[in-house]
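To keep things clear, I will list the structure first and then write my remarks on it.
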Amino acid sequence: MPPRVRFAPSPTGYLHIGGARTALFNWLYARRHGGTFILRIEDTDTERSSGDMVSGILEGLRWLGLDWDEGPEVGGPHAPYFQSGRLDRYRAVANRLVEEGHAYFCYCSPERLRRERERAEAAGGAWQYDRTCARLDPARIAELEAAGAPRAIRCRVPDGRVGFTDRVRGRIDVDGSGIEDFVILRSDLHPTYHLSNVVDDVDMAITDVIRGDDHISNTSKHLLLYAALEVEPPAFAHVPLIFGPDRKRLSKRHGATSVMEYARAGYLPDAVVNFLALLGWSPGDDREILPRHDLVAAFDLSGISGGNAVFSPEKLEWMNGQYLAQMPAGDLAARVEPLLRDAGLLPEGGPVDRALLQRLLVLLQPRAKRLPDFVDQAQPFLVDAVEYAPEAVKKHLSSPELAGHVSALRAALAAVEPFEEAPVESALRGVAEARGIKAGALIHAARVALTGRMASPGIFEVIVLIGRARTATRLEQLETYLTTRP
RNA sequence: GUCCCCAUCGUCCAGAGGCCUAGGACGCGGCCCUUUCAAGGCUGAAACCCGGGUUCGAAUCCCGGUGGGGACGCCA
């Protein structure tokens, strides 16, 4: 039977790197096995959930290219995929569990519980619910009910051990004594995560739960619920957490923790996906660059490693550079053009010489790590006049005879035919030789004249791309600069 | 504190008893290429947490310690 997996975020924050990786693993698993990837929004915490967060999460998933087969906006046989739309169902299940004796009403005041907890914490330990309400006699219950006392519903945790075989961890067992009688339905009739999560996983016929390590200890509670509901639990796979470079758990406190921030910073979705897949998972061999389809083909739960992983911005950057370098010029142009427009480097609304733009981007390609790098490096090619960087002036324009050399170069270039790299190169080298200077000196001066910078693509490519006319103009501008400077 | 998980270069991974004088990648250093900066090629430094077992043999298995992490909510 094809697997059904889900990513079930709560919309209390943006889609961050950790959540994205969990979603990715689920997606890869579904795609690898021809299964179904379901997106379910766990918005039972009305205080902290928001519609903005929902759209932020959808946006992040879409950007990453993690398409869901069932869920918000696409629907499906188990709609709605928002828990806030399924409250009646959870209430019914909670009541059924009470009727069957697997759960009971709890009238304890939250204040009292909080005090107990604080006291225990002060004493250096943890507090477990003392089962006061599990022992209430029927008369007292009737009394409380008659008074309309608010009540929550708690799961009655049985004695004995609960355990499961995690698909990445192996066997995990805990003793029921370590699990308190947890709340499954709050007094405001909203379910807690444990209940809604299990009910939905059952209703939606989830076969494999792939989620963060932080849910391991919840799993025993969930198992108790599956048992009470008399349904076979899904298989579980708990994946390690991701930490920031500071070794702290990923959170909003880390700068670029939202995937959309990476989108804005000029990272490619494929690169981010590839990078994320390799955080805590390995194809088993030495491959590093695995495009989406390779990832799908290679993905296997057994390749997930045990320890937590530290996020490496440097490696992401490297990987992005790899993807940028491999990108076809047309695709690249489509992505960079809007950025160039935003930067005011392309004519307002005007047409663009596509071929020229692509030639330029190809030149810049091996030097780029992120999309904005193209904008920065394309700048000299798209403006009317360049500004000389102070260090470039200092380093390459100090020779007093330079104006004459540049003038000679300009004259030579005017006669070059055809205006292509090889002829341009021999023209420049010819001038250098004739004037008894190193070609390098002339090249550096030309680079400053044409780009204003210390670094650029190969100078002959630059000259040709900038064109005969503009090259002449810029060389002349340099001559003027050299002869008029103080 | 209790319970649970984890433990190989700075980082991410490979390694499923002999193939390991431990391999790859990022990052870092050097060299090459070269007009600069990248890219690329070559190359170097860099790790099996500690202690006991088991075994002819342990990075790999077991136990203990230490360290790190997670969970202990009417949050998810």
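Because the structure is a prediction, the values reported are computed rather than measured. Just the heavy atoms: all of them, side chains too, but no hydrogens, waters or symmetry mates, feed the values below. Residue numbers start from 1 in every chain, and the chains themselves are labelled A, B, ... in the order their sequence lines are given, proteins ahead of strands.
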Interatomic distance, CZ@A:Arg470 vs CG@A:Leu475, rounded to 0.5 Å, equals 12.5 Å
Rounded to whole Å, the CZ-P distance (A:Phe182 to B:A71) equals 17 Å
(request) Taking only the side-chain nitrogens and oxygens of A:Gln326, find out if one of them lies under 4.0 Å from OP1 or OP2 of B:A39. (result) no
- Query: For A:Gly458, which contact category applies under a 4.0 Å heavy-atom criterion: base, sugar-phosphate, or nothing?
  - Reply: base
Original post:
Between B:C6 and B:C49, how far is it from one P atom to the other, in whole Å?
Top reply: 15 Å
### Query
If you measure from the C1' atom in B:G68 to the same atom in B:C50, how many Å do you get, rounded?
15 Å
**Study point:** N-O pairing of A:Arg40 and A:Glu42 below 4.0 Å
**Key:** yes
B:G57 -> Watson-Crick or G-U wobble partner, both distances under 3.5 Å, gives none
Among B:U35, B:C12, B:G24, the one nearest any side-chain atom of A:Val310 is B:C12
For B:G23, the nucleotide meeting Watson-Crick or G-U wobble distances (both under 3.5 Å) is B:C13
Atom CD of A:Glu425 and atom C1' of B:U34 are separated, to the nearest Å, by 11 Å
Is it true that A:Asp201 and A:Arg6 have a side-chain N and a carboxylate O under 4.0 angstrom from each other?
yes
- Item | B:C12 phosphate, OP1 or OP2, under 4.0 Å from A:Ser305 side-chain N/O | no
Among B:C72, B:A76, B:A39, the one nearest any side-chain atom of A:His194 is B:A76
Answer with base, sugar-phosphate or nothing: what part of the nucleic acid does A:Arg287 contact at a heavy-atom distance below 4.0 Å?
-> nothing
*asked:* So A:Glu42, base contact, sugar-phosphate only, or nothing? Heavy-atom distance under 4.0 Å.
replied: sugar-phosphate
### Query
So what does A:Pro9 hit on the nucleic acid, given a heavy-atom distance under 4.0 Å: a base, only sugar-phosphate, or nothing?
nothing
* NA contact type, A:Arg48, heavy-atom cut-off 4.0 Å: base, sugar-phosphate, or nothing? -> base
query: Quantified in whole Å, what is the P atom distance between nucleotide B:G69 and nucleotide B:C26?
result: 29 Å
How far, in whole Å, is B:G17 from B:U60 if one measures between their C1' atoms? 7 Å
Check this for me, if you would: do A:Arg131 and A:Glu180 make a salt bridge, where the nitrogen-to-carboxylate-oxygen distance has to be below 4.0 angstrom?
no
Sugar-phosphate, base or nothing in reach of A:Gly280, heavy atoms under 4.0 Å:
sugar-phosphate
Check whether the side chain of A:Ser312 and the base of B:C26 form a donor-acceptor pair under 3.5 Å. no
task = Quick one: label A:Gly178 by what it contacts on the DNA or RNA (base, sugar-phosphate, nothing), any heavy atom closer than 4.0 Å.
result = nothing
By nearest-nucleotide position on RNA chain B, the 5'-leaning member of A:Asp173 and A:Ser302 is A:Asp173
As its Watson-Crick or G-U partner within any shown strand, both distances under 3.5 Å, B:G40 has B:C32
Across every strand shown, the nucleotide meeting Watson-Crick or G-U wobble geometry with B:G67 (both distances under 3.5 Å) is B:C6
Item checked: Charged tip of A:Arg21 within 45° of A:Phe25 ring normal and under 6.0 Å -> yes
The reported gap from OG in A:Ser312 to CE in A:Met319 (rounded to nearest 0.5 angstrom) is 10.0 Å
A:His222 NE2 to B:A71 P, in whole Å, measures 13 Å
Aromatic plane relationship, A:Phe164 with A:Phe236 - under 30° parallel, 30 to 60° tilted, over 60° perpendicular: perpendicular
For A:Ser456, report the nucleic acid contact type (base, sugar-phosphate, nothing); a contact means any heavy atom under 4.0 Å.
base
Quiz item: When you compare B:A38 with B:G27, how far apart are their P atoms, in angstrom units rounded to a whole number?
Solution: 12 Å
Check your understanding: Base, sugar-phosphate, or nothing for A:Pro11, non-hydrogen atoms under 4.0 angstrom?
Key -> nothing
Of the listed B:C74, B:U36, B:G27, the closest approach to the A:Trp318 side chain comes from B:G27
A:Asp214 has its side chain closest, among B:A71, B:C12, B:U35, to B:A71
**Message:** Could you check whether A:Arg151 makes a cation-pi contact with A:Tyr107, meaning its NZ or CZ is under 6.0 Å from the centre of the six-membered ring and within 45° of the ring axis?
**Reply:** no
Given the structure, check if the side chain of A:Glu121 and the base of B:G1 hold any donor-acceptor pair shorter than 3.5 Å. no
Rounded to whole Å, CD1 of A:Ile216 lies from C1' of B:C6 at a distance of 9 Å
In whole angstroms, the gap separating P of B:C37 from CG of A:Asp376 amounts to 17 Å
A:Gln377 CD to B:C37 C1', in whole Å, measures 8 Å
Review point. Counting any heavy atom closer than 4.0 Å, what does A:Ala126 reach on the DNA or RNA strands: base, sugar-phosphate only, or nothing?
Key: base
To the nearest angstrom, the CZ-C1' distance between A:Arg367 and B:U35 comes to 12 Å
What is the nucleic acid contact for A:Ser187, judged by heavy atoms within less than 4.0 Å: base, sugar-phosphate only, or nothing?
-> base
Exercise. Look at A:Arg154 and B:C74 and indicate whether a side-chain polar atom (N or O) is within less than 4.0 Å of OP1 or OP2.
Key: yes
5'-most contact on RNA chain B (nearest-nucleotide basis), A:Lys221 vs A:Arg169, goes to A:Arg169
Q. According to the interplanar angle, ranging from 0 to 90°, do the rings of A:Tyr262 and A:Phe311 count as parallel (below 30°), tilted (30 to 60°) or perpendicular (above 60°)?
A. tilted
Give one of base, sugar-phosphate or nothing for A:Glu180, where a contact means two heavy atoms less than 4.0 Å apart. sugar-phosphate
Exercise for the section: Could you check whether A:Ile459 gets within reach of a base, just the sugar-phosphate, or nothing at all, counting any heavy atom under 4.0 Å? Expected result: base
Polar atoms only, N or O, under 3.5 Å: list the protein pairs with nucleotides 58-69 of chain B and their distances.
| residue | atom | partner | partner atom | Å |
| --- | --- | --- | --- | --- |
| B:G69 | O2' | A:Asn308 | ND2 | 2.9 |

Rounded to the nearest 0.5 angstrom, the CZ-CG distance for A:Phe105 and A:Leu144 is 11.5 Å
Using atom P in both nucleotides, what's the gap between B:C48 and B:U11 to the nearest angstrom?
12 Å
A:His444 has its side chain closest, among B:U35, B:C37, B:C3, to B:U35
key: B:A47 versus B:G23 - spacing of their C1' atoms, nearest Å   = 12 Å
Requested in this report: May I ask you to say what A:Lys438 touches in the nucleic acid, namely base, sugar-phosphate or nothing, with a heavy-atom cut-off under 4.0 Å?
Outcome: nothing
Checklist entry - Given the P atoms of B:A76 and B:A16, what is the spacing between them in whole Å? => result 43 Å
Regarding the side chain of A:Lys315, the nearest nucleotide among B:C13, B:C4, B:G24 is B:G24
Among the nucleotides B:A25, B:C3, B:C74, whichever has the atom closest to the side chain of A:Val174 is B:C3
Pairing donors with acceptors under 3.5 angstrom, does anything connect the side chains of A:Tyr129 and A:Glu116?
no
Quick note, A:Ala152 side chain, CB onward, closest among B:C74, B:U11, B:C5 is B:C74
Here the pair of heavy atoms bringing A:Ala449 nearest to A:Val386 is O-CG2, 3.4 Å
Using Watson-Crick geometry (N1-N3 plus N6-O4 or O6-N4) or G-U wobble (N1-O2, O6-N3), each under 3.5 Å, B:C75 is paired with none
